[in-house]
Amino acid sequence: MSEQEIIAFDRADALVDVPTHYCPGCQHGVVQRLAGELLSEMDLTENTLLVTSIGCSVFLYNYLHVDSVEAPHGRAPAVATGVKRARADKFVLSYQGDGDLASIGMAEIMHCANRGENISIIFVNNTVYGMTGGQMAPTTMIGQKTTTSPAGRNAAKEGMPIRMAEIISQLGGTAFSARVAVNNVKNIRKAKKAMKKAFEVQQKELGFGFIELLATCPTNWRMTPIKANERIEEELIPYFPLGVFKDLTVEAED
Amino acid sequence: MANNGEKLFIKGNEAIARGAIAAGLKCYFGYPITPQNDIPEYMSAALPAVGGEFVQAESEIAAANMLIGAAACGVRSMSSSSSPGISLKQEAISYLAGSQLPTVIVNMNRGGPGLGDIGPSQGDYFQSVKGGGHGDYRLLVLAPGTCQEAYDLTIKAFDLAFKYRNPVMILGDAILGQMKEPVITWTPDEKDEKEGHDWRMCGAKGREGRILKSLFLSEGSLAAHNQMLQDKYTDMASYTQQEEYQIDDAELVVVAYGSIGRIVKSTIKKLRNEGHKVGLFRPITLYPFPSGDLKKLAEQGKKFLTIEHNLGQMVEDVRLSIRTITDSDFFGFLPGNLPTPDDFEGPILKSLGGK
Ligand SMILES: Cc1ncc(C[n+]2csc(CCOP(=O)(O)OP(=O)(O)O)c2C)c(N)n1
Ligand code: SF4
């Protein structure tokens with residue numbers, strides 16, 4: 001390296017140096033990178049116990065330098081509860097997609113939040129079941145075509161897309177709940193800040209930390225990554241508003 | 001075995017709960033269902049009092065998944081339930097077995113299928129010993145017949161779970177759970193605090209991250225994993241336990257387990273007094289099944305009768321054990337009724353005299 005060269009951007013220590021399995025333009029990679037950067041910056045890597053779930057993110061344990069356990073589909077919040085109860089001194093992180101968290105695992109996420117488990121959950125909402133080939137999710141938009149809603153999601157038959165960050169914010173044990181997006185640099189910066197908050201409430205033992213990230217699945221949206229980013233801005237954010245829905249640290253600071 | 005020798009008059013359910021705490025239980029997760037509610041009720045007060053964690057989960061599904069988390073941390077964990085609840089736990093039990101996570105699960109078997117009734121039954125034998133969840137796996141299954149045995153086997157269950165890195169099931173029923181008997185308590189010598197130190201999650205400090213998982217996608221990796229599990233199950237096969245009663249000169253060996261084994265023992269006592277050459281073989285480990293010892297009895301020319309509180313399940317394992325030599329009769333006492341020793345007299349005499 002010449003003396004003039006300054007490293008402006010490097011891989012965080014918590015991130016394993018391997019190529020990921022995601023499709024081009026998939027934002028699971030962005031979210032995981034943010035998680036890895038925060039673990040490094042907050043000096044949490046060696047103290048973290050990770051719970052991975054079912055969906056395209058299942059291989060997360062290959063990408064972070066942490067100890068991890070695999071949960072059955074939807075049950076990550078229950079597995080994480082077991083981890084935290086066994087090792088209250090550890091930082092417990094879980095990562096779920098929208099099918100995993102808002103469909104099959106709805107009961108587990110609600111009760112985990114309500115108990116106020118001191119854990120942090122990263123929730124990637126890409127409005128579709130990615131891994132299984134693009135079926136309808138509880139977060140699929142009205143009119144959105146998927147392999148199981150070929151005519152577009154129909155509210156009368158299939159209900160409205162579920163807004164998880166708002167629901168979670170209503171539960172007594174929640175210390176932090178926010179929705180962010182990772183569709184542009186500005187939003188990615190905000191997303192990282194919000195994720196940090198979700199991690200901090202666990203460190204402060206204030207309760208359950210929840211962060212919903214609007215992300216793309218270009219493959220199953222049948223869009224280019226650029227178009228997919230535009231869809232987040234134009235279609236998703238108006239229905240899934242960005243913002244902080246609960247933050248106990250604000251009340252604590254009052 | 002350090003013995004603090006307290007003599008208590010308690011239910012089988014409480015004996016299990018106390019045994020688990022004596023064994024060093026750290027985390028209990030449960031959901032109410034009759035006839036095992038004494039276990040979570042006891043745990044809710046007693047476990048926090050010794051520094052453990054009790055969680056009444058939102059469902060049996062959640063409780064079983066909490067076990068995955070706690071077991072992955074290498075602590076002693078347990079859940080208890082009864083038949084419909086055990087069905088709900090099966091997905092997690094399959095993951096526990098596939099990920100090689102040690103834990104103890106109690107099933108106080110009630111009558112079924114479906115909601116059935118809350119009375120005793122042995123209808124969950126297949127589900128317990130053949131793997132009630134998906135995939136090729138086995139649980140170690142222990143079937144106590146008395147409250148003392150319930151206490152002792154619960155302590156043993158934790159050691160076996162960690163020895164084999166495998167879930168262990170304690171299979172009882174409403175008779176065992178609800179009857180009160182004297183139990184002499186004891187606490188095992190200090191357990192190895194390093195249990196799981198070479199595999200558990202505890203924070204990846206100065207080493208690669210550990211991954212506890214059951215997903216093996218790359219070519220051949222699942223086959224290798226399954227071979228390793230198979231080797232472990234073969235290794236387990238050496239660990240069998242049974243009670244043999246009046247068996248040496250018996251012409252007819254009655255095979256029965258758990259509460260039914262105990263009731264049959266009373267019948268056999270009576271028949272012996274009347275001069276009938278009958279004996280009892282009561283398997284205590286249902287998996288691994290004591291096939292070798294049964295086969296030896298078959299080689300001695302004995303006849304067999306299997307008695308169960310179901311439509312005929314363990315009898316298949318009895319027949320597999322002795323199939324090259326002889327067969328076993330079967331008497332199934334229908335779930336939904338409570339047997340007494342008298343109920344078994346006729347079937348035993350019939351088998352003794354028949355063929
Ligand atoms: C009990 C069970 N049911 C169904 C599946 C199949 N399955 C695997 S991933 C998945 C959907 C995951 O979708 P999502 O959580 O939205 O994650 P994504 O792949 O979009 O990241 C399903 C249904 C499973 N593994 N287990
Ligand atoms: S299918 Fe969708 S969510 Fe899955 S890796 Fe591809 S783009 Fe990402």
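Values below: all heavy atoms of this structure, side chains included; hydrogens, waters and symmetry mates excluded.
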Colleague: Under the 3.5 angstrom rule, does the side chain of D67(A) hit a backbone N or O of G203(B) as a donor-acceptor pair?
Modeller: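 At least one qualifying donor-acceptor pair exists.
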Colleague: Count the heavy atoms belonging to other residues, nucleotides or ligands that lie under 6.0 Å from CG of D43(A), then report whether that count exceeds 12.
Modeller: no
Colleague: Quick one: which of S59(B), C202(B), G52(B) has the most heavy-atom pairs under 4.5 Å with chain A, could you say?
Modeller: C202(B)
Colleague: Please state whether the side chain, the backbone, both or neither of F54(B) comes within less than 4.5 Å of a heavy atom of chain A.
Modeller: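 Just its backbone gets close to chain A.
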Colleague: Considering only heavy atoms and a distance below 4.5 Å, find which of V75(B), L67(B), L101(B), I61(B) pairs most often with chain A.
Modeller: I61(B)
Colleague: For chain A, which of A72(B), A71(B), C73(B) has the most heavy-atom pairs under 4.5 Å?
Modeller: C73(B)
Colleague: Tell me, with the steps shown, if L215(B) and E70(A) meet side chain to side chain contact (heavy atoms under 4.5 Å, CB included).
Modeller: CA-CA 8 Å; L215(B) 176 69; E70(A) 186 180 80; 3.2 Å; yes
Colleague: Taking C-beta and beyond as the side chain, do N65(B) and P77(A) meet within less than 4.5 Å on heavy atoms?
Modeller: no
Colleague: Tell me, yes or no, whether the heavy-atom count around I118(B) atom CD1, taken from other residues, nucleotides or ligands under 6.0 Å, exceeds 12.
Modeller: no
Colleague: What distance do I211(B) atom CD1 and N62(A) atom CG have between them, rounded to the nearest 0.5 Å?
Modeller: 5.0 Å
Colleague: Working note: V83(A) + M201(B), criterion side chain to side chain contact (heavy atoms under 4.5 Å, CB included); need CA distance, chi angles, decisive distance, verdict.
Modeller: CA-CA 9 Å; V83(A) 173; M201(B) 323 199 272; 3.6 Å; yes
Colleague: Sub-3.5 Å donor-acceptor pair from the side chain of K26(B) to the main-chain atoms of A86(A), do we have one?
Modeller: yes
Colleague: Pick one of side chain, backbone, both or neither for S214(B), based on which atoms fall under 4.5 Å of a heavy atom in chain A.
Modeller: both
Colleague: Rounded to the nearest 0.5 Å, how far does CG of L212(B) lie from CG of L50(A)?
Modeller: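 Here the rounded value is 11.0 Å.
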Colleague: Grab the two heavy atoms, one from H73(A) and one from E91(B), that are nearest each other, plus how far apart they are.
Modeller: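 Looking at all heavy atoms of both residues, the shortest contact is N-OE2, 4.3 Å.
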Colleague: Is I54(A) in contact with chain B via its backbone, its side chain, both, or neither, using a 4.5 Å heavy-atom distance?
Modeller: side chain
Colleague: Please walk me through it: do R115(A) and E58(B) pass side chain to side chain contact (heavy atoms under 4.5 Å, CB included)?
Modeller: CA-CA 10 Å; R115(A) 280 191 304 268; E58(B) 60 269 31; 2.9 Å; yes
Colleague: For N114(A), is the CG atom crowded, meaning more than 12 foreign heavy atoms sit under 6.0 Å from it?
Modeller: yes
Colleague: Give, as side chain, backbone, both or neither, the part of F59(A) having an atom under 4.5 angstrom from any heavy atom of chain B.
Modeller: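 Only the side chain of F59(A) comes within 4.5 Å of chain B.
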Colleague: Where on V69(A) is there a heavy atom nearer than 4.5 Å to chain B: the side chain, the backbone, both, or neither?
Modeller: both
Colleague: Scan residues 160-171 of chain A for pairs that pass side chain to side chain donor-acceptor pair (under 3.5 Å), counting only residues two or more places apart or in two chains.
Modeller: E166(A)-R179(A)
Colleague: Need one label for V92(A): side chain, backbone, both or neither, based on atoms under 4.5 Å from any heavy atom in chain B.
Modeller: neither
Colleague: Do other residues, nucleotides or ligands put more than 12 heavy atoms under 6.0 Å from the OH atom of Y31(B)?
Modeller: no
Colleague: Under 6.0 Å from the NZ atom of K193(A), do we count more than 12 heavy atoms belonging to anything else shown?
Modeller: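 It does not: K193(A) NZ has 12 such atoms or fewer within range.
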Colleague: Does the pair R85(A)/E53(B) count as a salt bridge with the N-to-O cut at 4.0 Å?
Modeller: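 Yes.
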Colleague: Counting only non-hydrogen atoms closer than 4.5 Å, does A71(A) touch chain B with its backbone (N, CA, C, O), its side chain (CB onward), both, or neither?
Modeller: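 Contact with chain B is through the backbone of A71(A) alone.
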Colleague: Heavy-atom count around K196(A) NZ within 6.0 Å, excluding the residue itself: above 12?
Modeller: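 No, NZ of K196(A) has 12 or fewer neighbouring heavy atoms, counting only those of other groups under 6.0 Å.
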Colleague: Any chance you could measure M66(B), atom CE, to E108(A), atom CD, to the nearest 0.5 Å?
Modeller: 8.0 Å
